[in-house]
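Note that the coordinates shown come from a computational prediction; the quantities given were computed from them, not determined experimentally.
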Amino acid sequence: MTTSIVIFVVSAALIAGALWGIYGSLTKKTEGFLVALAGGALLVSALLELINPALENNSVYITLAVVFIGATTFTALDYLVKKKWGNNSGGGLLAAITLDGIPENLALGVALIGAGPLSVAALSGSILLSNLPEAAGGAKEMAENHSKKKVLLLWIATAAILAMAALVGHFLLSDV
């Protein structure tokens with residue numbers, strides 16, 4: 001039950017952010033503050049909830065190598081997305097959020113398996129905080145060139161894909 005609630009809330013943040021970006025006002029200062037806050041929260045959660053447990057089960061070198069491979073892969077994919085859609089494209093941001101969100105939500109699903117309430121709150125809270133401004137900024141840019149309905153449906157589909165990734169992580173990656 002907790003798993004379903006957490007996944008729903010984290011995914012709903014994408015839809016709420018999209019609604020905020022499409023219909024609300026979003027100043028650059030507010031967006032920047034929220035993105036910085038979310039980035040810091042994600043960094044702390046990744047260290048405490050993912051890297052620290054990995055260090056307990058593996059050597060420092062293996063953990064660093066895997067983190068480096070993941071960071072390199074993400075950077076390369078992010079570069080390709082920006083090259084294809086540009087830096088200021090809402091579609092590019094949507095693609096980047098999806099590429100970023102799938103492993104993030106897989107990790108959330110895995111973390112929900114044996115995590116305590118504080119760990120769940122920290123990880124899901126940081127993902128929720130990052131989803132809101134990312135979706136708001138992307139939806140705002142996309143709504144400049146597409147219908148509001150189409151943009152909202154794209155963000156709902158993205159939320160559904162990321163929710164499925166969290167469920168896959170929870171139910172199929174329990175031994176990871």
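If you take OG1 on Thr3 and CZ on Phe8, they are separated by 15.0 Å, rounding to the nearest 0.5 Å. A distance of 9.0 Å separates CD1 of Ile102 from OG1 of Thr158, quoted to the nearest 0.5 Å. One finds the NE2 atom of His146 at 14.0 Å from the CG atom of Leu152 (value rounded to the nearest 0.5 Å). Rounding to the nearest 0.5 Å places NZ of Lys150 at 10.0 Å from CG of Asn145. Annotation: the span from Leu14 atom CG to Ile156 atom CD1 amounts to 11.0 Å, rounded to 0.5 Å.
Inter-residue side-chain proximity for Ser124 and Val9 is flagged as unmet; no heavy-atom pair is nearer than 4.5 Å. Side-chain contact check for Val110 versus His170: every heavy-atom pair is 4.5 Å or farther apart. Considering only heavy atoms from C-beta on, Lys140 stays 4.5 Å or farther from Ile22 through its side chain. Counting heavy atoms from C-beta on, the side chains of Asn105 and Val168 never come closer than 4.5 Å.
Taking each heavy atom of Ala18 and Ala135 in turn, the nearest pair found is N-CB, 3.7 Å. Residues Leu132 and Ala16 share a closest heavy-atom pair of CD2-CB, 4.0 Å. The shortest heavy-atom contact between Trp20 and Ala136 is CE3-CB, 3.7 Å.
Checked options Ile62, Thr63, Leu64; the residue passing with Val60 is Leu64 (criterion: side chain to side chain contact (heavy atoms under 4.5 Å, CB included)).
In the hydrophobic clustering of ILVMFWY residues, with side-chain heavy atoms under 4.5 Å counting as a link, Val66 and Leu173 come out apart. In the hydrophobic clustering of ILVMFWY residues, with side-chain heavy atoms under 4.5 Å counting as a link, Leu162 and Leu172 come out together. No continuous path of hydrophobic side-chain contacts links Leu43 to Phe74 [ILVMFWY only; heavy atoms under 4.5 Å].
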For a side chain to side chain contact (heavy atoms under 4.5 Å, CB included) check, start with the C-alpha distance between Asn52 and Leu47, then their side-chain angles and the critical distance, and finish with the verdict. CA-CA 6 Å; Asn52 194 32; Leu47 287 170; over 6 Å; no
Start with the C-alpha gap between Ile7 and Leu112, add the side-chain angles, then the distance that decides, and say whether side chain to side chain contact (heavy atoms under 4.5 Å, CB included) holds. CA-CA 10 Å; Ile7 292 171; Leu112 290 171; 4.2 Å; yes
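No more than 12 heavy atoms of other residues, nucleotides or ligands shown are found within 6.0 angstrom of CZ on Phe33.
Checked by atom type and distance alone, the side chain of Trp155 never pairs as donor or acceptor with a backbone atom of Gly138 at under 3.5 Å.
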